[in-house]
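Written below as structure tokens is the structure these notes are about.
Any value given below was found using the heavy atoms of this structure, including those in side chains, with hydrogens, waters and symmetry copies removed.
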Amino acid sequence: MALTHWMNAMEWLAAAARDPRACKNDWQHGSTGVHLLAAGRLWDVLVVPACLGLRTADILDGLPLLEPGPALLDSRRRQVGFFLPPDPASIWSGPDVRYVTQGGWIATPAPHCRWGDLRWLCPPDGTGTLNTPEVMELALARAVGELARAHGAAHCHTPHRRRSLPSPSAAPPA
């Protein structure tokens with residue numbers, strides 16, 4: 001990642017830290033140090049099992065004309081987290097699926113960290129690019145289909161998204 005992109009990505013991520021200055025200072029001095037970043041303001045995170053998340057990340061990476069948003073692999077927990085636009089009204093459901101939004105925290109390494117137990121599959125680009133929920137749903141469904149064909153239908157279930165609350169931008173009833 002070019003220095004400018006890395007610096008922008010670091011600024012963008014650190015903005016969600018409790019102490020952005022300490023977070024940036026840690027990362028600027030070469031540490032891959034993990035920091036807890038607040039979800040719900042700049043992004044939400046959809047966490048899925050690694051077998052599904054790794055295939056989904058490959059699908060997103062292969063889509064033409066689409067820059068995938070950040071995706072984070074936690075190999076110890078065998079999970080992948082996809083950064084999505086903040087939407088506390090969304091509910092994602094499925095086996096072993098978590099949706100982290102307002103009030104939640106995500107353990108995050110430096111944006112250049114592409115190795116170790118907690119690493120970026122697709123690092124943030126510093127522009128605020130996120131995965132879109134509609135494309136994410138399609139990529140997850142495709143990944144589930146591929147995994148079901150390879151390992152049997154009982155192996156996978158597609159996470160589903162639904163909105164339970166009116167969007168804050170929705171117009172009030174007349």
Side-chain angles (χ1 to χ4, degrees), residues 1-2 5-6 8-10 12-13 16 32 34 37-102 104-164 167:
M1 179 182 311
H5 286 132
W6 183 82
N8 290 341
M10 182 185 59
W12 182 73
L13 281 173
T32 59
V34 174
L37 304 182
R41 187 170 57 90
L42 300 174
W43 60 74
D44 288 346
V45 182
L46 175 65
V47 180
V48 300
C51 64
L52 177 58
L54 291 169
R55 185 63 200 123
T56 301
D58 284 344
I59 290 168
L60 291 170
D61 191 44
L63 293 175
L65 306 173
L66 177 73
E67 272 304 310
L72 188 62
L73 172 65
D74 183 339
S75 60
R76 284 190 181 176
R77 291 191 170 161
R78 297 182 181 155
Q79 299 174 328
V80 174
F82 294 95
F83 284 53
L84 301 167
D87 184 3
S90 278
I91 296 174
W92 289 79
S93 61
D96 301 318
V97 170
R98 285 187 310 123
Y99 187 62
V100 185
T101 187
Q102 289 178 333
W105 296 83
I106 295 293
T108 311
H112 65 276
C113 187
R114 302 288 297 255
W115 62 92
D117 291 329
L118 187 61
R119 64 184 177 272
W120 294 102
L121 296 173
C122 182
D125 63 7
T127 67
T129 299
L130 296 167
N131 296 292
T132 60
E134 297 78 16
V135 172
M136 179 62 52
E137 283 183 291
L138 294 172
L140 285 164
R142 181 171 161 196
V144 164
E146 291 177 9
L147 292 168
R149 282 189 296 281
H151 302 287
H155 180 73
C156 292
H157 303 279
T158 305
H160 297 284
R161 179 176 71 109
R162 64 183 169 89
R163 296 186 54 91
S164 65
S167 169

- So OG1 of Thr56 and CE of Met136: to nearest 0.5 Å the spacing works out to 7.0 Å
- Can you tell me how far CD1 of Ile59 sits from CG of Leu54, rounded to the nearest 0.5 angstrom? 11.0 Å
- Message: Looking at Asn131 and Gly69, would you say the former's side chain and the latter's main chain have a donor-acceptor pair under 3.5 Å?
- Response: yes
- Just jot down the ring pair (Phe, Tyr, Trp, His ring centres under 6.0 Å) partners of Phe83, sequence neighbours excluded, or say none. Trp43, Trp120
- Item | From CA spacing to verdict: side chain to side chain contact (heavy atoms under 4.5 Å, CB included), Leu66, Val135 | CA-CA 10 Å; Leu66 177 73; Val135 172; 3.7 Å; yes
- Message: Assess the residue pair Thr127 and Asn8 against the criterion (side chain to side chain contact (heavy atoms under 4.5 Å, CB included)); give the C-alpha distance rounded to whole Å, side-chain angles, the decisive distance to 0.1 Å, and a yes or no.
- Response: CA-CA 7 Å; Thr127 67; Asn8 290 341; over 6 Å; no
- Taking all atoms of both residues into account, what is the closest heavy-atom pair of Pro124 and Trp12, and its distance? CB-CZ3, 3.6 Å
- Message: Please evaluate residues Arg55 and Asp58 with respect to the criterion side chain to side chain contact (heavy atoms under 4.5 Å, CB included), reporting the C-alpha separation (whole Å), side-chain torsions for both, the decisive distance (0.1 Å), and the verdict.
- Response: CA-CA 5 Å; Arg55 185 63 200 123; Asp58 284 344; 3.1 Å; yes
- Query: How long is the span from the CG atom in Leu84 to the CG atom in Leu46, to the nearest 0.5 Å?
  - Reply: 5.5 Å
- Message: Going by salt bridge (Lys or Arg N to Asp or Glu O under 4.0 Å), Asp117 matches just one of Arg78, Arg76, Arg77. Which one?
- Response: Arg76
- Query: Do side-chain atoms of Thr108 reach the backbone of Ile106 as a donor and acceptor pair under 3.5 angstrom?
  - Reply: yes
- Message: For the backbone of Asp87 and the side chain of Asp44, can you confirm whether one donor and one acceptor N or O come within less than 3.5 Å of each other?
- Response: yes
